[in-house]
Visitor: 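Please see the structure below; I have some questions.
Only this structure's heavy atoms are used, side chains among them; waters, hydrogens and symmetry mates stay out.
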Amino acid sequence: MLDRKLIRENPDAVRAGAARKGIQAPVDEFLRVDESWRSILRELEQSQAEMNRISKSIGQLMASGQKDEAEKAKAETAAIKEKIKSLEPQERELEAQLNALELQFPNMPHPTVPDGKTPEENVEVRAWGTKPEGTFKAHWEIADELKLIDFEAASKISGSGFAVYTGWGSKLVRALINFMLDLQSDRNGYSEVYPPALVTSESLVGTGNLPKFADDLYSTKDDLWLIPTAEVPVTNLLRDEILEPWQLPIKYAAYTPCFRREAGAAGRDTRGILRMHQFDKIELVKYCAAEVSYDELESLVEDAESVLQALGLHYRVLLLCAGDMGDKGCKCYDLEVWAPGEGRYLEVSSCTNFEAFQARRANIRYRPTEGASPEPVHILNGSGLAVPRLLVALLETYRQEDGSIAIPEPLRRYLGTDVIPAPGN
RNA sequence: GGAGAGGUCGCAUAGUGGUCUAGUGCGCCGCACUCGAAAUGCGGUGUGGGGCAACUCACCGUGGGUUCGAAUCCCACCCUCUCCGCCA
């Protein structure tokens, strides 16, 4: 959600910002509805003020025993009451329209975001490590020979798009989750939380997933939705709160399973575990003061990178172009890990500064200085990281000639072994 | 799922139809007193919207309703707590 004042006072900038993302913002309609809403509101409030005055005087007349005068005053209220009754629904309807329109505006891209429409126009800002040389197996082959994942069982249980991790596969998932959570909390200073995986629609409106992206989500019979990422419950953790300046920045790290319908991705990445309806992810969420949010974005990216560096995996950092970064963000970096068996980079993290966009929707504010009036806080998030694609890169990168998997040092104490033994051993 | 209690201005409480534009205590801020502090006294202390402003409207869990007027009465719902049942 954008600042209403911005749309009123600078509609061209809003239009232009949306256009960079390839989206048409309903600026004219908003301005029209806004104008009529404000005019009706003014009229309604005048009537309410008049009504309050008369009611108060009736109270005083009654108290002083002037019954006749009171009755006379009562008669006066009929017309004005009628006016209120006719204005009220109009006001309510216009405000509802305005609120609905407001939710349709995309966030404005930051000036440092490059132009562009497609992923090809994203800009690589840096790379870490070196691309491993040699011949590599795809992760589904490795998983098969080491019996790490049972896809048949998964499809029997749940249909396509799911995985049953078995044996060392299951232990690896668990080890990666614990390793990443510890890293983000102990080393990078995030507070660990473990939130619900089912949330109300209000929470999803707060993060910007609803109303626009309902098709990406699983819903239930009980008006609860399965979360597509821990971003949703964690961002809503502080909904309707006013934060004091000394509390900021607030940093949360959360592990949750994530559920996505992948409705628009049918037929893509069908092999292996690159695109699942359910997967595990550590998510990082930050709340901070407006003037530091771009510094916090840089450090957020570094925190996500620290996982890949600890595991010694080659990756690159992309600055997404305006057209590829989605509705909600102002500026977004993707982390892509190299998967040698696939021969391509895989997105394992998206680190985004939403500025005040989510905070306005979720009503999360802070006082810039003690005693100052509240402003929407800036919110950022990024994966730190997604498990399945990380697992893919790990298996493909560290498979040795004999078929065993060498485990990077930091992960060993979590997995309880230096190596996943070769098949047959 | 059943029965009961309850949700009020940061916290604690009062308020069962008209000076409630919500009282009191604590906390917090300012001022006075003081060499300074404590104590004391006085004043102030929420959020959102509209308006250039004066000002005004809304908000006592949420949404409806009754009334000239609702924190207060009526209806529905949500949440919390206690007990019972069931259960990982």
Side-chain angles (χ1 to χ4, degrees), chain A residues 1-9 30-103 194-206 220-225 233 236-248 250 257 356-377:
Chain A
M1 189 185 295
L2 298 175
D3 186 353
R4 271 186 195 182
K5 292 201 174 76
L6 178 71
I7 308 176
R8 279 176 199 152
E9 289 161 16
F30 179 91
L31 292 175
R32 206 176 59 237
V33 175
D34 181 52
E35 186 51 50
S36 16
W37 171 67
R38 282 192 288 171
S39 121
I40 291 277
L41 184 64
R42 250 167 286 161
E43 209 178 331
L44 173 63
E45 286 187 349
Q46 264 174 20
S47 303
Q48 286 173 325
E50 178 67 15
M51 190 65 148
N52 287 345
R53 234 173 287 135
I54 297 175
S55 287
K56 199 170 182 178
S57 76
I58 291 175
Q60 283 162 352
L61 292 170
M62 299 282 275
S64 62
Q66 297 170 264
K67 287 248 163 66
D68 293 350
E69 293 294 316
E71 286 305 319
K72 211 178 287 175
K74 272 195 199 184
E76 270 180 59
T77 63
I80 192 151
K81 190 177 187 184
E82 195 137 321
K83 189 169 183 191
I84 290 176
K85 277 217 161 120
S86 86
L87 286 173
E88 242 170 9
Q90 292 180 54
E91 189 273 337
R92 220 179 300 177
E93 167 61 24
L94 284 167
E95 199 188 9
Q97 279 181 32
L98 202 61
N99 290 339
L101 278 170
E102 197 166 41
L103 291 177
Y194 183 56
L198 285 167
V199 295
T200 61
S201 53
E202 288 77 26
S203 293
L204 286 155
V205 170
T220 71
K221 284 175 16 183
D222 297 309
D223 287 329
L224 291 171
W225 304 67
N236 279 280
L237 217 46
L238 297 179
R239 199 164 78 208
D240 300 324
E241 303 262 340
I242 298 176
L243 306 168
E244 296 301 330
W246 48 266
Q247 294 179 275
L248 299 175
I250 295 172
F357 186 81
Q358 290 184 322
R360 277 195 203 93
R361 287 170 164 251
N363 190 30
I364 307 172
R365 294 166 293 169
Y366 78 112
R367 299 184 195 281
T369 56
E370 211 155 332
S373 51
E375 302 274 343
V377 76

Visitor: Between atom CD1 in A/Ile54 and atom C1' in B/rG69, what is the gap in whole Å?
Guide: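 Result: 11 Å.
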Visitor: If the C1' atom of B/rG10 is compared with that of B/rC77, how far apart are they to the nearest Å?
Guide: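 My reading of the C1' atoms in B/rG10 and B/rC77 gives 28 Å.
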Visitor: For A/Lys56 and for A/Met62, locate the closest nucleotide of RNA chain B by heavy-atom distance; then report the residue assigned to the nucleotide nearer the 5' terminus.
Guide: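 Taking each residue's closest nucleotide, the earlier one in sequence belongs to A/Met62.
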Visitor: Would you call A/Asp34 and A/Arg8 a salt bridge, using N to O less than 4.0 angstrom?
Guide: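 Yes.
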Visitor: Provide the distance between the two C1' atoms, one in B/rU8 and one in B/rU72, to the nearest whole Å.
Guide: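 Each nucleotide's C1' atom is 11 Å from the other's.
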Visitor: Say we look at B/rA5 and B/rC86: how far apart would their P atoms be, to the nearest angstrom?
Guide: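 Rounded to whole Å, the distance is 24 Å.
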Visitor: Answer yes or no: is there a side-chain heavy-atom contact under 4.5 Å between A/Glu69 and A/Ser57?
Guide: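 Result no, sub-4.5 Å side-chain heavy-atom pair not found.
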Visitor: Do the side chains of A/Glu71 and A/Lys74 get close enough for a salt bridge, i.e. N-O under 4.0 angstrom?
Guide: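 A salt bridge is present here (some side-chain N lies under 4.0 Å from a carboxylate O).
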Visitor: Would you confirm whether A/Asp222, through its side chain, and A/Leu224, through its main-chain N or O, come within 3.5 Å as a donor-acceptor pair?
Guide: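 Not at all, since once roles are kept as given, no pair shorter than 3.5 Å links the two residues.
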Visitor: For a quick check under 3.5 Å, do A/Glu93 and A/Gln97 share a side-chain donor-acceptor pair by atom type?
Guide: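 Per modelled atom types, A/Glu93 and A/Gln97 side chains form a pair under 3.5 Å.
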Visitor: Starting at CG of A/Leu61 and ending at P of B/rG69, how long is that distance when rounded to a whole Å?
Guide: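 Between P of B/rG69 and CG of A/Leu61: 16 Å.
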Visitor: Please report, rounded to the nearest Å, how far the P atom of B/rG61 is from the CG atom of A/Asp240.
Guide: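 Result: 15 Å.
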Visitor: Can you give one letter per nucleotide of nucleotides 44-58 of chain B, going 5' to 3': B for a protein heavy atom under 4.0 Å from the base, S for sugar-phosphate only, - for none?
Guide: ---SSBSS----SBS
Visitor: Any strand is fair game: report the nucleotide pairing with B/rA37 by Watson-Crick or G-U wobble, both distances under 3.5 Å, or none.
Guide: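 B/rA37 is paired with nothing.
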Visitor: At their closest point, which heavy atom of A/Ile364 faces which heavy atom of A/Asp240, and how far apart are they?
Guide: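 Closest approach of A/Ile364 to A/Asp240: CG1-N, 4.3 Å.
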Visitor: Please list, by residue number, the residues of residues 76-97 of chain A whose heavy atoms come closer than 4.0 Å to an atom of RNA chain B; answer none if no residue qualifies.
Guide: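 RNA chain B contact set from residues 76-97 of chain A: A/Thr77, A/Lys81, A/Arg92.
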Visitor: Return the nucleotide paired to B/rC28: Watson-Crick means purine N1 to pyrimidine N3 with N6-O4 or O6-N4, wobble means G-U with N1-O2 and O6-N3, both under 3.5 Å.
Guide: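 B/rG44 - that is the nucleotide pairing with B/rC28, both distances being under 3.5 Å.
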Visitor: Which nucleotide, if any, forms a Watson-Crick or G-U wobble pair with B/rG1, using both distances under 3.5 Å?
Guide: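 For B/rG1, the partner nucleotide comes out as B/rC84, under the 3.5 Å rule.
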Visitor: Using atom P of each nucleotide, how far apart are B/rC11 and B/rG46 to the nearest Å?
Guide: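 Looking at atom P only, B/rC11 and B/rG46 are 15 Å apart.
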Visitor: State whether the side chain of A/Arg361 and the backbone N or O of A/Val205 hold a donor-acceptor pair below 3.5 Å, judged by distance alone.
Guide: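 Yes; at least one donor-acceptor contact below 3.5 Å.
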Visitor: What are the two closest non-hydrogen atoms of A/Val199 and A/Pro233, and how far apart are they?
Guide: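 That would be CG1-CB, 4.2 Å.
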Visitor: Is a donor on one side and an acceptor on the other found under 3.5 Å between the side chain of A/Arg365 and the backbone of A/Ile242?
Guide: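 Not at all, since once roles are kept as given, no pair shorter than 3.5 Å links the two residues.
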Visitor: Rounding to the closest angstrom, what is the interatomic distance between B/rA22 and B/rU45 at atom P?
Guide: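 Here B/rA22 and B/rU45 have their P atoms 11 Å from each other.
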Visitor: Under the side-chain contact (heavy atoms from CB on, under 4.5 Å) criterion, do A/Trp225 and A/Leu198 qualify, and how do the steps go?
Guide: CA-CA 5 Å; A/Trp225 304 67; A/Leu198 285 167; over 6 Å; no
Visitor: Rounding to the closest angstrom, what is the interatomic distance between B/rU13 and B/rG30 at atom C1'?
Guide: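 One C1' to the other, the span is 26 Å.
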Visitor: Using the C1' atom as the reference point in each nucleotide, state the distance between B/rG51 and B/rA37 in Å, no decimals.
Guide: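 It comes out at 47 Å once rounded to the nearest Å.
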Visitor: When the P atoms of B/rC26 and B/rC42 are compared, how many Å lie between them, rounded to an integer?
Guide: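 So the two P atoms sit 12 Å from each other.
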Visitor: Applying the Watson-Crick and G-U wobble criteria at under 3.5 Å, what pairs with B/rC77? Answer none if nothing qualifies.
Guide: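 Because both required distances fall under 3.5 Å, B/rC77 counts as paired with B/rG61.
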